[in-house]
Amino acid sequence: EINNRKEFQVKVARDRIRGLHLNGRPSWDSRFLREVLINNPKIDLLSFFILRTLSDDVGATTSELSLIPFPSNLLLSDYLDSFDLVIFHNFKYAPFIEKKYLENIRNYVRNGGAFVMIGGELSFQGGNYERTPVEDILPVRLRKSPRKYSHRDFRLEVQQRMINHPVLRLNRGEEDLKKVWESLPDLNGFNEGLETAQDSLALITHRREGPHPILSVRKFGKGRSLALATDSSWQWNFLRVGEGGSGRYYQRFWSNAIAWLTGRPDTHTLLLESDRERYRENEKALIRIRAFGEDYNPSGGEKIKLSFGTVAKKKILGVFSLETDAKGNALFELEPLDEGFYWV
């Protein structure tokens with residue numbers, strides 16, 4: 001009677017992330033990212049690829065082509081708020097999107113949406129986003145540059161003080177994260193004329209001609225944005241596999257980025273944990289609070305107000321004042337009075 005029963009846990013994706021992926025042209029970079037997105041069970045993806053421009057000579061009239069018109073009116077007005085994540089991937093908005101709809105994107109992020117701009121010849125200044133509502137939400141500023149995109153190789157330089165940021169956590173072990181990033185292949189091609197915006201963080205730079213932001217993040221209103229100023233990150237997968245390794249770091253990077261952009265609980269700057277989920281009678285619950293700054297380094301001296309109560313009766317049983325130590329931690333013991341569920 002004991003060998004016909006098996007207990008196991010099943011992870012269920014309760015709330016799926018709905019993503020909109022706009023691609024200015026087919027590329028290896030968009031192909032590799034799209035594979036990561038569609039293979040993630042937590043993501044419901046809608047992709048659009050611009051296959052031709054008005055200047056392309058395709059040897060046929062517009063009426064003879066079977067391309068689907070880009071539904072900008074619907075996507076960026078009626079349905080924009082239904083997406084959790086919007087990605088502009090080497091995408092130039094004109095002539096497919098009217099400039100007036102860019103204001104909707106700014107409002108979308110301000111109200112809690114997530115926005116990503118990935119580099120390429122059609123991104124940033126190459127997409128004419130300077131002095132538009134989209135520039136307002138980006139973690140980089142678009143300054144005038146005689147050359148908007150460079151095809152030169154460059155080596156990543158991870159900012160040491162940013163190494164604890166959730167986007168950069170490529171492994172879960174004790175391995176040195178900076179060494180992990182340094183082990184990734186060099187990339188080729190980056191957008192020029194960018195500088196880190198106010199209230200933004202440059203996580204990765206390169207120094208061919210001075211500090212230049214490659215990966216930057218920002219909180220804007222209730223939402224978040226990310227700028228990746230290259231369209232060659234796919235080589236973190238392709239070249240690593242070609243060298244006999246795996247593409248797990250590339251996949252982990254995008255998983256981390258999406259988690260941070262959509263505000264997954266473990267990316268918050270204030271975390272609360274209990275030492276276990278269930279307790280016996282007269283057993284105390286150990287509550288741990290961890291506080292971080294915007295760069296996700298420990299934040300000491302933070303004033304914390306901790307409340308706890310019962311779930312069933314929705315009654316507050318106590319309120320306590322705590323302060324984090326130099327490592328950003330605070331501990332507190334609670335002793336539940338009766339059987340039941342409690343919140344902290």
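Residue numbers count from 1 along this sequence.
Asp325 is linked by a salt bridge (charged side-chain N to carboxylate O under 4.0 Å, His left out) to nothing, counting only residues two or more places apart in sequence or in another chain. Asn90 meets the side chain to side chain donor-acceptor pair (under 3.5 Å) test with no other residue; sequence neighbours excluded. Applying the salt bridge (charged side-chain N to carboxylate O under 4.0 Å, His left out) test to Arg276 and every residue at least two apart in sequence or in another chain returns Glu283. Remark: Glu103 pairs with Arg106 by the side chain to side chain donor-acceptor pair (under 3.5 Å) rule, at least two apart or across chains. Residues satisfying the salt bridge (charged side-chain N to carboxylate O under 4.0 Å, His left out) test with Arg31, not counting sequence neighbours, are Glu35. Not a single salt bridge (charged side-chain N to carboxylate O under 4.0 Å, His left out) links Arg161 to another residue, sequence neighbours left out.
Counting only residues at least two apart or on different chains, the salt bridge (Lys or Arg N to Asp or Glu O under 4.0 Å) pairs with a member in residues 327-339 are Lys284-Glu333. Identified under the salt bridge (Lys or Arg N to Asp or Glu O under 4.0 Å) test for residues 81-90, with sequence neighbours left out: none. Sorted by first then second residue, the side chain to side chain donor-acceptor pair (under 3.5 Å) pairs that include residues 289-308, not counting sequence neighbours, are Asn164-Asn297, Lys219-Glu294, Trp260-Tyr296, Glu273-Arg290, Asp295-Asn297, Ser299-Glu302, Lys303-Glu323. Sorted by first and then second residue, the pairs that involve residues 92-101 and meet side chain to side chain donor-acceptor pair (under 3.5 Å), not counting sequence neighbours, are Asn73-Tyr101. Within the structure, the salt bridge (Lys or Arg N to Asp or Glu O under 4.0 Å) test picks out the following pairs touching residues 108-121 (sequence neighbours left out): Arg25-Glu121.
At least one side-chain heavy atom of Arg288 sits less than 4.5 Å from a side-chain heavy atom of Leu331.
Under the 3.5 Å distance criterion, the side-chain polar atoms of Gln125 are left unmatched by any main-chain donor or acceptor of Ser145. In this structure a side-chain-to-backbone donor-acceptor pair under 3.5 Å is present from Arg218 to Leu138.
When hydrophobic side chains of Ile, Leu, Val, Met, Phe, Trp and Tyr are connected at separations under 4.5 Å, Ile316 ends up clustered with Val311, Val319, Phe341, Trp343.
Remark: Tyr79 OH is loosely packed, at most 12 non-hydrogen atoms of other residues, nucleotides or ligands lying under 6.0 Å away. The number of heavy atoms from other shown groups lying within 6.0 Å of CZ (Phe238) does not exceed 12.
Residues Phe115 and Phe88 place their aromatic rings such that the two centres sit under 6.0 Å apart.
Exactly one residue among Trp28, Phe32, Trp181 makes a ring pair (Phe, Tyr, Trp, His ring centres under 6.0 Å) with Trp236. That residue is Trp181.
Aromatic ring orientation, Phe49 versus His21: perpendicular (interplanar angle above 60°, classes split at 30° and 60°).
Remark: Asp176 does not engage Lys178 in a salt bridge, criterion side-chain N to carboxylate O under 4.0 Å.
Note that the CG atom of Leu80 and the CG atom of Asn107 stand 9.0 Å from one another [nearest 0.5 Å].
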